[in-house]
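Let me begin by presenting the structure, written as structure tokens, before commenting on it.
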Amino acid sequence: MRLSQSLIPTLKETPAEAQIASHRLMLRAGLVRQMASGIYAWLPAGLKVLNKIAQIVREEQDAAGAQELLMPTIQSADLWRESGRYDAYGKEMLRITDRHERALLYGPTNEEMITAILRDTTKSYRDLPQIPYHIQWKFRDEVRPRFGVLRGREFLMKDAYSFDLDYAGALLSYKKMMLAYMRTFQRIGITAIPMRADTGQIGGDLSHEFHILAPTGESGVFYDAEFEAGDALGVGYEPALLEDFYESMTTKYAATDEKHDLGAWAAIPDERKREGRGIEVGQIFYFGKKYSETMNYSVIGPDGAKLFPEMGSYGIGVSRLVGAIIEARHDEAGIIWPDAIAPFRVGILNLRQGDAVTGEICESLHTMFGADCLYDDREERAGAKFAEADLMGHPWQIIVGPRGAANGQVELKRRATGERFELPVAEAIAKVRG
RNA sequence: CGGGGCGUGGCGCAGCCUGGUAGCGCGCUUGUUUUGGGUACAAGAGGCCCCCGGUUCGAAUCCGGGCGCCCCGACCA
């Protein structure tokens, strides 16, 4: 992509409404525009990030045995009357009336709908277990939207739902999702800690929240340093491995300030105590037969008796993750994207636009990296290009100036560390490709 | 939902108190300049001053109502 032709409206100054770093940077780097309170349009670069995150989430859900489908954003109120949540949910639910005066709503979550779908499509114990999921926009009419996409009203969420025949099966699904989540966050390139949580609106008795560590996080978190060493990508779904992994995630100490247990904390060796701040980016729940029973969803068991499936639900705030990652990874100059989800893996900076040699090198780099690079081909001074590249946070910058270009050298800069290397073009390419 | 604040070119703001030609910086256009950390000079373009109503000879400015947005607190992926 050529910056000169792109729709990436970066800003030199910060819009007044943006108070926190991620919100400021998302606006300044041209990722989003606010369209109404808590409602954002995703511009090309922002959408690339959103899609890359969604793709990793998708791959890990699939790997865990979940199956993707897509449910609508608009739901019928009748469905929610079945579970009793139409009245219980309150003002956060955006209620809509259509031309026939039928009561609809913009879905804040999908337990009812997915239960209705499974109720219609699975009749026998042989049809379970199932873990359907989708990645879809949700709407919660927050009293006070803030922090940009961290607390928007409209947000993109991956929500999965597990249906099992018994508690043991439900617990297994829960464990799979725990692993899928840890693998997902690790692939994205951030540290997430699972913490025991309340079940809130959804109900049930087993739940974990996943917090990513960021100095500006909303809640204080306390955790055992051993979480930092964990490697979920080396763990597969074989029963023994999964069991060990789950055990290691749930026996180590981790809690938000609300649930902090001073006694348990004191038992941890001082050198392993970690205190920080976290942003919640996901939550998983086991809630048993709450919906299957109230919505009368049963399958026929092997003995011919009715059996109400055991359920769980599993959310990841995909759009929230974009903001949360920026909170966790930025500096004075701008965003520091993890490689896996950067809108552009590499920025190409032509320090002397119009120069035949730098132009030629940049053009060939641009062709080679294709959609994965952003070529700053504007008629701007070097300083402006440096500032812009740092702001947008490309993991790599290939800086092509007349000095080095004359001898086939370019400068490669790693955004995260600030390291710079003077290299021949071919070596720079190899390094970026890793 | 309680408390506070703000709506003026794309962005950041001044002007409002004390009514009378709508201004500054950045950005944008053109030219020159500069050429490795947001360069400098010059000339331009760009405005329902959030909306409706009222007061007045005259309203960005005063008064009333509405809408939008932000911040603090209680609540949430």
Side-chain angles (χ1 to χ4, degrees), chain A residues 9-20 23-24 27-28 30 33-39 57 89-93 107-110 135-160 181 192 197-202 207-212 218-219 256 258 278-285 313-324 332-334 349-355 358 376 378-392 397 399-405 409-411 413 418 420 422:
Chain A
T10 56
L11 302 171
K12 227 166 165 176
E13 284 171 288
T14 305
E17 74 268 17
Q19 296 296 313
I20 64 161
H23 192 194
R24 275 201 307 270
L27 292 169
R28 287 197 52 215
R33 296 299 260 211
Q34 183 174 131
M35 295 292 105
S37 178
I39 298 176
V57 168
Y89 212 94
K91 294 197 167 173
E92 289 213 341
M93 181 186 281
T109 178
N110 286 61
I135 299 173
Q136 176 64 295
W137 293 92
K138 305 289 186 294
F139 195 94
R140 294 184 192 171
D141 199 359
E142 295 283 343
V143 208
R144 190 185 156 208
R146 61 184 130 167
F147 306 145
V149 300
L150 288 177
R151 168 128 27 263
R153 292 193 292 171
E154 187 184 51
F155 56 96
L156 187 62
M157 177 165 130
K158 185 284 300 180
D159 40 323
Y181 276 38
D198 289 324
T199 51
Q201 201 57 276
I202 312 267
S207 179
H208 284 86
E209 288 175 355
F210 297 79
H211 286 256
I212 75 171
E218 299 178 77
S219 37
T256 58
E258 301 138 11
I279 301 172
E280 188 188 340
V281 292
Q283 186 165 10
I284 59 180
F285 303 86
S313 75
Y314 313 88
I316 291 181
V318 176
S319 52
R320 169 180 279 195
L321 261 171
V322 179
E332 286 300 299
L349 283 63
N350 187 346
L351 296 195
R352 186 171 296 171
Q353 206 65 40
D355 179 276
T358 62
D376 191 343
R378 298 169 305 159
E379 299 286 347
E380 285 286 349
R381 255 199 126 205
K385 296 195 178 188
F386 288 131
E388 195 94 338
D390 286 347
L391 171 63
M392 289 191 281
Q397 295 172 17
I399 299 160
V400 185
R403 239 167 32 201
Q409 300 271 116
V410 295
E411 184 174 320
K413 176 179 167 182
R420 296 146 172 275
E422 285 277 348

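These numbers were taken from a predicted model, which means no experiment stands behind them. Note on naming: letters A, B, ... go to the chains in the order of the sequence lines (proteins, then strands), and numbering restarts at 1 for each one.
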Does any N or O in the side chain of [X] come within less than 3.5 Å of the main-chain N or O of [Y], such that one atom is a donor and the other an acceptor?
X: A:K158; Y: A:Y314; result: yes
X: A:R140; Y: A:R153; result: no
X: A:S319; Y: A:V149; result: no
X: A:R28; Y: A:L11; result: yes

Distance, [atom1] atom - from [M] to [N], rounded to whole angstrom:
N: B:A22; M: B:G9; atom1: P; result: 16 Å
N: B:U29; M: B:G66; atom1: C1'; result: 39 Å
N: B:U33; M: B:A43; atom1: C1'; result: 15 Å
N: B:C75; M: B:G10; atom1: P; result: 40 Å
N: B:A74; M: B:C69; atom1: P; result: 23 Å
N: B:A59; M: B:C52; atom1: P; result: 14 Å
N: B:U61; M: B:U21; atom1: P; result: 13 Å
N: B:U30; M: B:G23; atom1: C1'; result: 24 Å

Round to the nearest Å and state the distance from [X] atom [atom1] to [N] atom [atom2].
X: A:I20; N: B:C71; atom1: CD1; atom2: P; value: 9 Å
X: A:D159; N: B:A77; atom1: CG; atom2: C1'; value: 10 Å
X: A:E92; N: B:A74; atom1: CD; atom2: P; value: 16 Å
X: A:R146; N: B:G4; atom1: CZ; atom2: P; value: 18 Å
X: A:F147; N: B:C69; atom1: CZ; atom2: P; value: 17 Å
X: A:K413; N: B:G36; atom1: NZ; atom2: P; value: 16 Å
X: A:K385; N: B:U39; atom1: NZ; atom2: P; value: 13 Å
X: A:R378; N: B:G27; atom1: CZ; atom2: P; value: 12 Å

Open item on the list: Let me spell it out: for each of A:G38 and A:Q397, pick the nucleotide of RNA chain B with the closest heavy atom. Which residue's pick is nearer the 5' end?
Closed with: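 So the residue in question is A:Q397.
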TODO: State which residues pass side-chain contact (heavy atoms from CB on, under 4.5 Å) with A:R378; sequence neighbours excluded, sorted by chain then number.
DONE: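 If we apply the side-chain contact (heavy atoms from CB on, under 4.5 Å) test to A:R378, skipping adjacent residues, the hits are A:L3, A:S4, A:D376, A:E380, A:K385, A:E388.
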When both hydrogen-bonding distances must be under 3.5 Å and the geometry is Watson-Crick or G-U wobble, what is [N] paired with, if anything?
N: B:U33; value: none
N: B:C17; value: none
N: B:C24; value: B:G12
N: B:C67; value: B:G7

TODO: Indicate yes or no: at least one non-hydrogen side-chain atom of A:P9 is less than 4.5 angstrom from one of A:R33.
DONE: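 Heavy-atom side-chain distance check passes, below 4.5 Å.
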Check ring pair (Phe, Tyr, Trp, His ring centres under 6.0 Å) between [X] and all other residues, then give those that pass, not counting sequence neighbours.
X: A:H211; answer: none
X: A:F210; answer: A:Y181, A:F185
X: A:F139; answer: A:Y106

- [ ] Apply side-chain contact (heavy atoms from CB on, under 4.5 Å) to the pair A:T14 and A:L27, showing each step before the final yes or no.
- [x] CA-CA 8 Å; A:T14 305; A:L27 292 169; over 6 Å; no
Taking any heavy-atom pair under 4.0 Å as a contact, classify [X]: base, sugar-phosphate, or nothing.
X: A:E388; result: base
X: A:G323; result: nothing
X: A:D390; result: base
X: A:R28; result: base
X: A:V281; result: sugar-phosphate
X: A:K138; result: nothing
X: A:G315; result: nothing

Task: B:A77 base stacked by A:F155 (centroids within less than 5.5 Å, tilt under 30°) - done: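 Check passed, A:F155 stacks on base of B:A77.
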Is the distance from OP1 or OP2 of [N] to the nearest side-chain N or O of [X] less than 4.0 Å?
X: A:Q283; N: B:A77; result: yes
X: A:K12; N: B:G38; result: no
X: A:S37; N: B:C70; result: yes
X: A:Q34; N: B:C70; result: yes

Task: side chain to side chain donor-acceptor pair (under 3.5 Å) between A:Q283 and A:S207, worked out - done: CA-CA 7 Å; A:Q283 186 165 10; A:S207 179; 3.0 Å; yes
- [ ] Taking only the side-chain heavy atoms of A:I399 (C-beta and beyond), determine which of B:G38, B:G36, B:A77 contains the nearest atom.
- [x]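 Among the listed nucleotides, the one closest to the side chain of A:I399 is B:G36.
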Open item on the list: Apply side-chain contact (heavy atoms from CB on, under 4.5 Å) to residues A:R403 and A:E411 and explain how you reach the verdict.
Closed with: CA-CA 10 Å; A:R403 239 167 32 201; A:E411 184 174 320; 5.5 Å; no
Tabulate protein N/O versus nucleotide N/O from nucleotides 11-15 of chain B, keeping only pairs under 3.5 Å, one per line.
{"unit_1": "B:C11", "atom_1": "O2", "unit_2": "A:E13", "atom_2": "OE1", "d": "3.2"}
{"unit_1": "B:G12", "atom_1": "OP1", "unit_2": "A:A16", "atom_2": "N", "d": "2.7"}

Please enumerate all protein N or O atoms sitting under 3.5 Å from an N or O of nucleotides 29-35 of chain B, with distances to 0.1 Å.
{"unit_1": "B:U35", "atom_1": "O2'", "unit_2": "A:R352", "atom_2": "NE", "d": "3.0"}
{"unit_1": "B:U35", "atom_1": "O2'", "unit_2": "A:R352", "atom_2": "NH2", "d": "2.4"}

